[in-house]
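Since the structure is predicted, the reported quantities are computational estimates derived from the model, not experimental observations.
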Amino acid sequence: MLRTLRIFVLADTHDKLPAKIEPLAAGADEIWHLGDVCDPGILQAIETFGPPVTIVRGNCDGQPDWPLVVDLKRNRIRFRLVHIPPDQAPDGVDVVLHGHTHVPRDERVAGVRFLNPGCVTRPNRGAAPSVGILEIAAEGKMTWRLQTLR
C-alpha cells in the first residue's frame with residue numbers, strides 16, 4: 001500500500017550544518033543530500049536525524065564510494081539525484097534533483113522537472129540559504145517547496 005512520503009532535500013552543506021536543519025528534517029520519511037557535503041562527519045550528523053539518508057557525491061567531495069548518480073522511484077515518480085545538473089533532460093526520469101549552483105530551481109526542461117533546493121551554507125545570486133521539502137502522494141502527485149533558513 002502506497003502512502004504519502006515526505007522527503008527532506010538539501011545540498012551544498014560544505015562542512016557546515018546549521019542547527020536549524022535537524023528540526024526541519026523532523027517528520028521526514030527520507031533525507032536526500034545532493035552533494036558537496038565535504039566533511040564526512042556532516043553526513044554522519046545528518047544520519048543521526050533518523051530517516052534513511054541517500055547521498056550523491058559532489059565535485060568537492062572526496063569519498064569515491066559515494067555514487068555520482070542515484071535513480072529512485074517513489075510513488076510512481078522516477079527521480080534522478082545528481083550534484084551537477086545535466087545539460088539535457090535525461091531519458092527515463094520524471095524529476096532531476098541537483099545541487100552545485102547554490103541557487104534554488106524549479107523548471108521544466110523537455111518534459112523533465114529540474115529541482116534544486118538551493119544551498120545550506122553559501123547561497124548564490126542573492127538567494128537565501130534554503131532546503132527543499134518534497135511530498136509525494138500515494139497516487140503520485142508531487143509537491144515541492146523551499147524552506148529558507150533565515
Side-chain angles (χ1 to χ4, degrees), residues 2-75 77-86 90 93-109 112-138 140-150:
L2 298 177
R3 62 180 180 80
T4 298
L5 297 173
R6 183 174 180 270
I7 301 166
F8 182 72
V9 184
L10 71 162
D12 297 289
T13 46
H14 290 279
D15 293 330
K16 292 181 180 67
L17 193 62
K20 295 177 182 181
I21 295 291
E22 186 171 5
L24 291 173
D29 296 294
E30 298 181 46
I31 298 173
W32 295 350
H33 195 302
L34 305 175
D36 279 1
V37 174
C38 300
D39 176 2
I42 297 295
L43 176 61
Q44 292 168 347
I46 293 168
E47 290 172 336
T48 68
F49 296 175
V53 178
T54 301
I55 188 165
V56 292
R57 180 172 21 136
N59 58 300
C60 294
D61 292 321
Q63 282 37 60
D65 54 325
W66 294 353
L68 290 171
V69 177
V70 173
D71 288 336
L72 303 168
K73 189 172 186 179
R74 299 291 185 268
N75 291 356
I77 300 177
R78 301 165 299 170
F79 295 94
R80 173 156 297 162
L81 279 55
V82 297
H83 181 65
I84 299 174
V93 299
D94 302 305
V95 180
V96 171
L97 285 115
H98 70 87
H100 189 60
T101 64
H102 296 210
V103 178
R105 180 180 187 188
D106 183 352
E107 76 176 303
R108 287 201 175 270
V109 176
V112 175
R113 193 168 177 187
F114 280 70
L115 300 173
N116 182 332
C119 179
V120 170
T121 57
R122 297 186 321 222
N124 209 348
R125 294 189 216 146
S130 59
V131 295
I133 307 294
L134 180 64
E135 290 188 356
I136 312 158
K141 183 179 186 298
M142 189 180 90
T143 304
W144 170 258
R145 70 179 171 86
L146 284 182
Q147 175 67 54
T148 60
L149 301 178
R150 288 190 182 143

Mind listing the closest non-hydrogen atom pair of [X] and [Y] along with its distance?
X: Ser130; Y: Pro104; result: OG-CG, 3.9 Å
X: Pro64; Y: Gly62; result: CD-O, 3.0 Å
X: Val120; Y: Pro18; result: CG1-CD, 3.4 Å
X: Trp144; Y: Gly132; result: CH2-CA, 3.7 Å
X: Leu97; Y: Val9; result: CD2-CG1, 3.9 Å
X: Leu149; Y: Leu24; result: CD2-CD1, 3.3 Å

Roughly how far, to the nearest 0.5 Å, is [atom2] of [Y] from [atom1] of [X]?
X: Lys73; Y: Phe79; atom1: NZ; atom2: CZ; value: 11.0 Å
X: Asp12; Y: Thr101; atom1: CG; atom2: OG1; value: 7.5 Å
X: Asn124; Y: His100; atom1: CG; atom2: NE2; value: 10.5 Å
X: Leu134; Y: Arg145; atom1: CG; atom2: CZ; value: 11.0 Å
X: Glu107; Y: Phe114; atom1: CD; atom2: CZ; value: 7.5 Å

Side-chain donor-acceptor contacts of residues 32-46 below 3.5 Å, not counting sequence neighbours, with atom names and distances?
from	atom 1	to	atom 2	distance (Å)
Trp32	NE1	Glu30	OE1	2.9
His33	ND1	Gly35	N	3.1
His33	NE2	Thr13	OG1	3.0
Asp36	OD1	Asn59	N	3.2
Asp36	OD1	Cys60	N	2.8
Asp36	OD2	His14	NE2	3.4
Asp36	OD2	His83	NE2	3.1
Asp39	OD1	Gly41	N	2.8

Residue from Ile7, Leu115, Leu5, Asp94 passing side-chain contact (heavy atoms from CB on, under 4.5 Å) with Met142:
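In the set Ile7, Leu115, Leu5, Asp94, the residue that makes a side-chain contact (heavy atoms from CB on, under 4.5 Å) with Met142 is Leu115.
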Residue of the set Leu10, Ile21, Thr54 for which side-chain contact (heavy atoms from CB on, under 4.5 Å) holds with Ile31
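It is Leu10; the other options fail the test.
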So Ile55 and Arg57, side-chain contact (heavy atoms from CB on, under 4.5 Å) or not? Walk me through it.
CA-CA 7 Å; Ile55 188 165; Arg57 180 172 21 136; over 6 Å; no
Just so I know, are the side chains of Pro85 and Val96 near enough to count as touching, which here means a heavy-atom distance under 4.5 Å?
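They are not in side-chain contact.
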Contacts of type side-chain contact (heavy atoms from CB on, under 4.5 Å), residue Thr4, not counting sequence neighbours
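With neighbours one apart ignored, the set is Ala137.
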Under the 3.5 angstrom rule, does the side chain of His102 hit a backbone N or O of Arg122 as a donor-acceptor pair?
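Flag set: sc His102 to bb Arg122 pair under 3.5 Å.
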With no hydrogens and no angle check, is any side-chain donor or acceptor of Thr121 less than 3.5 Å from a backbone partner on Leu17?
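Not at all, since once roles are kept as given, no pair shorter than 3.5 Å links the two residues.
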Val103 and Asn116: CA distance, side-chain angles, deciding distance, side-chain contact (heavy atoms from CB on, under 4.5 Å) verdict
CA-CA 7 Å; Val103 178; Asn116 182 332; 5.6 Å; no
Below 4.0 angstrom, N of the basic side chain to O of the carboxylate: do Asp29 and Arg6 qualify?
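No.
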Does Arg80 form a side-chain contact (heavy atoms from CB on, under 4.5 Å) with Val69? I'd like the steps, not just the answer.
CA-CA 7 Å; Arg80 173 156 297 162; Val69 177; 3.6 Å; yes
Counterpart residues, side chain to side chain donor-acceptor pair (under 3.5 Å), relative to Asp106 (two or more places apart)
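Per chain and number, Asp106 pairs via side chain to side chain donor-acceptor pair (under 3.5 Å) with Arg113.
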